[in-house]
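Structure first, then comments.
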Amino acid sequence: MYKRQLLARRPSFSHDVRPDLLGTPIVEPLTRRFIDSGEESTHVRTQSPLDGEERVYAFQRVGDLPLVVVVGEEIAVLLAGWYHRLWILGVVVLLIAALGGLALRHYLNRLSLEAELRRRVIEARHAEQELRIAATAFETHLGMLITDAEATILRVNDTFTRITGYREDEVVGRNPSMLSSGRHDVSFYDKLWKSVREQGNWQGEIWNRRKNGEVFPEWLTISAVSNDEGEVTHYVATLSDISERKAAEQEIHQLAFFDPLTGLPNRRLLMDRLEVAMKDSYRSGQFAALLFIDLDHFKQINDTLGHYLGDQLLQALALRLNGVLRDTDTLSRLGGDEFALLLHDLGTEQEHAAHISERVSGKLLGMLASPVTFDHQSITVTTSMGITLFRDHGTSLDEVLQQADMALFQAKQAGRNTLRFFDPDMQAQIQVRARLETGLRQALSRDEFRLFYQVQVNAAGETLGVEGLLRWEHPEHGIVSPAEFIPLAEENGLIVGIGAWVLETACRQLSAWASDPAMAALVISVNVSPRQFREADFVERVLCILDATGAPAERLKLEVTESLFMEERDDARAKMLRLRERGVRFALDDFGTGYSSLSYLKQLPMDELKIDQSFVRTLFEDDAGAAIVASTIALSKSLSLVAVAEGVETEAQRDWLLAHGCRTFQGYLFGRPVPVESLPFPD
Ligand code: C2E
Ligand code: CA
Ligand code: CA
């Protein structure tokens, strides 16, 4: 005759077990047996049907209510001798075995209609009942509230009183809406009750108000209890105070979105708001502005004053700035001495919007420039500001940031302590870059790349090999130098595909030369950019290209730069070793411009050091450069590496290099980079 329904469980379902168990019938045989037995209480040791943990369970009927409370504690914990405290902390499973049919209706009618009598009964049994209830978790940290079908409160427990501040006699007969905080709108409660009606329960976070007026967050579970005919007769609510958890969440939020020094929104939050502002301005047609604010020479101030005062200065300035802004403006600290300000709703006229933002930033500039006093010191800082207006949906978030940054750069260039608007010239530069990028994306598929070759010669002037140098044959601009597009391709990742094309082209050339005795001994050096080399499948790609083209691996030399070994050097070394196994050789390009660790260099399978052309060019102008070249040559000797001098343009340079022990050269003196058919070799 019992309905045996699971009404609530603690810990809450939201974290561990499935929430959809609420309201479902109880199948666990021991529990069913206890419910049907009519016994007052019992103990069993069994596995939880919900999470599989083995626990000791105490079953307890709750007074004359149709409720059974089951308290479970893990064996290990019990054995540790903590049971008194931990029974309370432990898992509490609250079950309801709602009486079926007439018995239930009879009981419930009595509850609601004979409230007076019920209270007397409660009073009469008070002592006895309290003893029993205290032994269960019903009176521990889960607040409980039971209402009739009309949501009139019939009963609450002590925890309810502890959480809300209301005694039982203050709430019985009233509606739970007396607790509402006013923080949720009507639709929130509509949804809640809809869920209770349709699914039989609801759980979630809700803000309620305590008797002392304090608004607090609680985790609330509401279950409908229905009779055999499916009519709802009661509601049982359990609640726990989650203010502490909320406070912790709030702290995490604070850390994630606010700068700890100034309490201002951080870069992340600014990006969010900027995105919203862009959407808003698109919708409303109103301009918005982004200002980048940067303190002039802050590093010097920080160094002379010390970081403590530097921090205080930043705090003071942040406070000043924040003091004059509207609530809707977002001032944020991007890091260091950089701030950003987002201004909304500047009207639909560009000129007007520019005027307002200029006025605001002018005011800020002036305000920031007045001295800040700590103890006895008075410090004056000036600032530079870059401003950009935006409205058009055609601009992306990145573009807006870029524009503000560019304007700030111009302000700095203009001598600081000033502000600059992003202007069309800057726009033009950005557009050139954007067009270059678009063109670059299509260049591969349109077959616009060419691989030129520049010879490398020995002391006798005989050709040892060539370096492959990439050219982009642009349909409008003609030949574009790699210096113009390689950095961009590195940034946007296109270099990976482009680099693969270069490798394949060079390998095909090697393969073609292999069958020609005059060319078969030539080596091709290929430049590999760090981004390309760091690709996880770089080694596989190279091996695959070697296989596909049938190129002799010993004739392929990869030119890498020192920056490759700045980070993840062991990974880079491992890749080199795998390629070396296959016969591929390596040259360290632009040597002398980076900061290679010599001890590490020794561990790499390197064949060649290429002396950077900037040193060769200034050989006779710069004593230090000459010294670097001389010591690089000596270093390669001691490491058994071949030293290659790049950018050799004159006989004098070649002779000097020869005299200092360099035997391999590359430069205009011997040949410029040219298409393969123009190489000075026999056909
Ligand atoms: P790099 O590897 O240092 O290449 C040598 C550069 O010096 C080439 O410029 C070459 O044309 C130039 N050069 C050679 N001899 C002389 C000389 O006597 N005098 C002067 N003034 N310059 C000389 P280029 O071809 O414009 O290449 C520039 C850079 O672009 C290369 O510097 C390399 O870092 C990069 N690059 C070129 N092709 C590729 C490629 O296929 N892949 C990658 N990742 N980078 C490449
Ligand atoms: Ca090179
Ligand atoms: Ca070089």
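Just so you know, residue 1 is the first one in the sequence shown, and it goes up from there. Every number for a ligand or one of its atoms is a count from 1 in the order of the listing. These values consider heavy atoms only, across backbone and side chains, with no hydrogens, waters or symmetry-generated copies.
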Candidates Leu317, Asn302, Leu295, Val381 - the one meeting side chain to side chain contact (heavy atoms under 4.5 Å, CB included) with Asp337: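 Result for side chain to side chain contact (heavy atoms under 4.5 Å, CB included) with Asp337: Leu295.
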State whether the shortest distance between N or O atoms of [X] and N or O atoms of ligand 1 falls below 3.5 angstrom.
X: Gln532; result: no
X: Arg617; result: no
X: Gln666; result: no
X: Leu451; result: no

For the backbone of [Y] and the side chain of [X], can you confirm whether one donor and one acceptor N or O come within less than 3.5 Å of each other?
X: Arg273; Y: Val276; answer: no
X: Thr618; Y: Glu621; answer: no
X: Gln410; Y: Ala407; answer: no
X: Lys575; Y: Phe533; answer: yes

Pick one of side chain, backbone, both or neither for how [X] approaches ligand 1, counting any non-hydrogen atom pair under 4.0 Å.
X: Arg672; value: neither
X: Val502; value: side chain
X: Asp590; value: side chain
X: Asn527; value: both
X: Asp589; value: side chain

Cation-aromatic face contact Arg569/Tyr600, 6.0 Å, 45 degrees: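 Yes, Arg569 lies over the aromatic ring of Tyr600.
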Checking Arg672 against Tyr668: charged group under 6.0 Å from the ring centre and within 45 degrees of the axis?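 Yes.
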Please state the angle at the Ca ion (ligand 2) spanned by OE1 of Glu559 and OD2 of Asp589: what is it, rounded to 10 degrees?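 Value returned, to the nearest 10°, is 90°.
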Find, among atoms of Glu467 that are N, O or S, the one nearest to the Ca ion (ligand 2), and state its name.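 Looking only at N, O and S atoms of Glu467, the one nearest the Ca ion (ligand 2) is named OE2.
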Would you say Glu467 contacts ligand 1, with heavy atoms under 4.0 Å as the rule?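 Under 4.0 Å: yes for Glu467.
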Among the heavy atoms of Ser481, does any lie under 4.0 Å from an atom of ligand 1?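 It does, in that a heavy atom of Ser481 comes within the 4.0 Å cut-off of ligand 1.
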Report the C-alpha distance between Asp296 and Ser384 in whole Å, list the side-chain angles of each, state the deciding distance to 0.1 Å, and finish with yes or no for side chain to side chain donor-acceptor pair (under 3.5 Å). CA-CA 7 Å; Asp296 298 330; Ser384 300; 2.7 Å; yes
Asp623 CG: over 12 foreign heavy atoms closer than 6.0 Å: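 For Asp623, atom CG is not crowded (no more than 12 foreign heavy atoms under 6.0 Å).
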Decide yes or no for Leu641 and Leu588: does some side-chain heavy atom of the first lie under 4.5 Å from some side-chain heavy atom of the second?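 Leu641 vs Leu588: side chains apart.
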Working for side chain to side chain donor-acceptor pair (under 3.5 Å), residues Glu467 and Gln456: CA-CA 7 Å; Glu467 175 176 1; Gln456 293 184 343; 4.7 Å; no
Subset of ligand 1 atoms that lie under 4.0 Å from at least one heavy atom of [X]:
X: Glu649; value: 17 (C), 18 (O), 19 (N), 20 (C), 21 (N)
X: Leu469; value: 4 (O), 8 (C), 10 (C), 11 (O), 25 (O), 37 (C), 38 (N)
X: Ser529; value: 44 (N)
X: Ile486; value: 43 (C), 45 (N), 46 (C)

